[in-house]
Amino acid sequence: MTDKSSGNAAQLATAADRTTELPILSGTVGPAVFDIRKLYNDTGCFTYDPGFTSTAACRSKITYIDGDRGILLHRGYRIEDLAEHSDFLEVCYLILFGELPTPAQREHFVNGVTYHTMVHEQITTLIRGFRRDAHPMAVMIAVVGALSAFYHEDLDINDPHNRLIATYRLIAKMPTIAAMAFKYSLGQPFMYPQNHLSYAGNFLHMTFGVPCEPYKVDPILARALDKIFILHADHEQNASTSTVRLVGSTGASPYAAISAGIASLWGPAHGGANEAVVQMLAEIGSVERIPEFIKRAKDKDDPFRLMGFGHRVYKNYDPRAGVLKSSADEVLDLLGKKNNPKLAIAKELERIALEDDYFRERRLFPNVDFYSGIILEAMSIPTSMFTAIFALARTVGWLAQWNEMVEDPEQKIGRPRQLYVGADERPFVPLERRG
Ligand code: CMC
C-alpha cells in the first residue's frame, strides 16, 4: 500500500493580518488534514485543541478506524477477519511488519518470541519488594520500566537490530511479568514459561498453574484469550499509544516508553474501563436496577458514567465489542456458564441504553471494554488482572507505533504549545509586604 499523502491542495489562513498557506494532505482513506506546521512561523498563532480532538500528530500505516461506520483495520485487514481466522502472534507480525507472514516468517517470529519469554532472575527480587496487595498494573509499570536496567545494549534506539530485539523481548516477557504480578498477590510461587505452549496457553499456565501438579491448558480458554489479545493489539493514536510516542520521541529507551504506556492505559477512561465495567455490573446487581443506573449516567450532577460505553472515535458500534459479544455467548456456553447474571445485565443495559435518546443523540455505543471483562471473569481471571491483560496485548501496538515513529524522518520531539491564561509579568513582592 502506498502513502498517498501529498500537499495537493491548500487553504489560506489569516491571523493578525498575516496570511499563510495551509497545504491539505490526504491519506489513503479517512479525513484529509491541514498541514499547520508553518502556521506559527507565518502568522504568530498556534492552534488550540485540548484532548487533540482535531489534531493528527503523525502519519501512520498501521491501523485505520472509521468511527462513523464502526470499522477497524490493521494494515488493511478487518479486525473481525483477524479475530476469526488468525491468531495473536500472526497479528503481531502483521502489525509490526505490515504483511501477514509466510509460513517460514511465522515460524521464525513465533520462535523469536517464544525464546525470550523468561525474565532475568533478579526480576523476582524486584517483585518481592512490593506489598502483596499491589495492583498488577502498578507492578507492571515498575518492572517494565526496570527492564532498561537489565538490557543496556538496547538503549541505542537508532540501531534497528536493537529495536527488533527490544520488540521481541517486550512481547515475549509481558505475559511472564503480568502472571508474576498475579502470583505474587496470591503468595504462590512464580511459574516459569513453557516453550511448548502457545502464547495464550503459556499465559494461562503461568497464571493458573502451580509447581506441585501438572497444569493442562484448556484449548477453549486459550483460544478465547488469544481472541481477546487480538482485539486489543492496536488502536491507532489513543492515549497510551500517544504516550508511548511522546516518551519515545525524546529518545528514551523502549522499556521506559512502554512503561509510560502502561501507566497511561491504567486510567478508567482508557484500559481501566474493563475492570470498572465488571464492578459496575456487580453494583447494578439485577436487571431491575438498570433504569436507576441509566438515570445516574444521564445526570450531569452525578459523576457516574456507563463504563464500557462511548468512545472518542467510534460513533457507531465498536467492532471489537461486536466480536466480544458473540464470543461471550460462545465462551460462557462452552464453560457451562451461559446463565451468567452479569452477561444478562450487560445485554439488557445495552438494549435499554441504545433505545434511550441521551445515548442515541450522543452516539454512545458499547466499546471493547463492555464485554471483555465478563469473558475474563468467566475464565476465572481476577478483576485486577483485566487491565494487565489489555496492556500485554497492546504492547505490540505500542511497539509498532514506536518503531514507526523512530523511523519517520518527520518525527520530532513531541512538544505541544499552550494558550497561557495566567498572570502577566509582575514584580516580586518580599515576604514582609505580602498578605
Ligand atoms: N456515560 C454517560 N455519558 C457519557 C458517556 C458514558 N459512558 N460517555 C460519554 N458521555 C457523554 C458525556 O457526558 C458528554 O455529554 P455532553 O455532551 O452532554 O456533555 C458526551 O457524551 C460526549 O462525551 P465526552 O466525554 O466529551 O467524550 P470523549 O470523547 O471525551 O470521551 C470516553 C470518550 C471513552 C472517555 C467516554 O465516552 C467515557 O468516559 N466512557 C466511559 C469509560 C470507557 O468505557 N472507556 C473505555 C474507552 S474504549 C477503550 C479504551 O480506550 O481503552
Side-chain angles (χ1 to χ4, degrees), residues 49-55 63 65 67-68 70-72 79 137 228-245 260-281 283-284 290-325 345-346 349-376 383 385-398 401:
D49 186 19
F52 309 109
T53 55
S54 296
T55 298
T63 293
I65 305 171
D68 287 325
I71 291 174
L72 168 60
I79 190 65
M137 287 294 277
I228 288 181
F229 291 166
I230 294 174
L231 294 170
H232 289 84
D234 189 50
H235 213 230
E236 51 117 312
Q237 311 310 321
N238 54 79
S240 56
T241 303
S242 299
T243 303
V244 170
R245 279 186 177 258
I262 302 171
S264 171
L265 186 76
W266 194 3
H270 194 6
N274 54 14
E275 195 174 328
V277 169
V278 169
Q279 281 155 358
M280 175 187 77
L281 295 173
E283 201 188 333
I284 296 175
I290 292 173
E292 180 194 322
F293 282 82
I294 295 269
K295 196 169 159 220
R296 283 186 60 195
K298 297 193 290 186
D299 181 356
K300 291 285 161 224
D301 297 324
D302 188 331
F304 175 77
R305 279 190 167 199
L306 221 50
M307 299 314 287
F309 251 78
H311 198 277
R312 170 63 60 78
V313 185
Y314 293 117
K315 301 302 165 199
N316 201 327
Y317 214 97
D318 179 338
R320 302 167 301 170
V323 175
L324 283 167
K325 190 177 178 183
I345 296 171
L349 185 61
E350 176 190 327
R351 192 191 64 75
I352 296 177
L354 294 186
E355 284 177 0
D356 190 295
D357 283 347
Y358 174 94
F359 293 90
R360 289 163 73 104
E361 280 159 17
R362 289 167 180 76
R363 301 171 74 191
L364 302 170
F365 291 85
N367 60 49
V368 68
D369 294 313
F370 196 64
Y371 287 104
S372 61
I374 295 173
I375 304 177
L376 293 173
T383 321
M385 283 297 287
F386 292 1
T387 315
I389 286 175
F390 192 156
L392 85 81
R394 181 56 57 86
T395 297
V396 63
W398 292 330
Q401 303 268 352

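All ligand and atom numbering here is 1-based and tracks the order in the structure.
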Give yes or no for whether the N/O distance cutoff of 3.5 Å, strictly under, is met between M307 and ligand 1. no
For atom 29 (O) of ligand 1, the protein heavy atom that lies nearest, with its residue and separation: R312 NE, 2.8 Å
Record the part of H235 in heavy-atom contact with ligand 1 below 4.0 Å; permitted values are side chain, backbone, both and neither. neither
Any donor-acceptor pair under 3.5 Å linking the side chain of R360 with the backbone of D356? no
Can you find a pair of side-chain heavy atoms, one from L364 and one from L306, that are under 4.5 Å apart? no
Would you say ligand 1 has an N or O under 3.5 Å from any N or O of R320? no
Is ligand 1 under 4.0 Å from a heavy atom in the side chain of V368, in the backbone, in both, or in neither? side chain
Protein non-hydrogen atom below 4.0 angstrom of atom 8 (N) of ligand 1 present: yes
N/O donor-acceptor pair under 3.5 Å between D302 side chain and D299 backbone: no
Is the distance from the ring center of H270 to that of H235 below 6.0 Å? no
Nearest non-hydrogen protein atom to atom 49 (C) of ligand 1, with distance, is D369 OD2, 3.1 Å
Does ligand 1 have an atom that lies less than 4.0 angstrom from a heavy atom of F304? no
Can you report which non-hydrogen protein atom sits closest to atom 20 (C) of ligand 1, along with the distance? R362 CD, 3.8 Å
Has T243 got a side-chain atom pairing as donor or acceptor with A239's backbone, closer than 3.5 angstrom? yes
In terms of residue, atom name and distance, what is the protein heavy atom nearest to atom 40 (N) of ligand 1? F309 O, 2.9 Å
Please determine if E292 and R296 form a salt bridge, counting it only when a charged side-chain N lies under 4.0 Å from a carboxylate O. no
Regarding ligand 1, does A269 bring an N or O atom to under 3.5 Å of one of the ligand's N or O atoms? yes
Would you verify that at least one protein heavy atom lies under 4.0 Å from atom 34 (C) of ligand 1, or report that none does? yes
Quick one: does F370 get within less than 4.0 Å of ligand 1, heavy atoms only? no
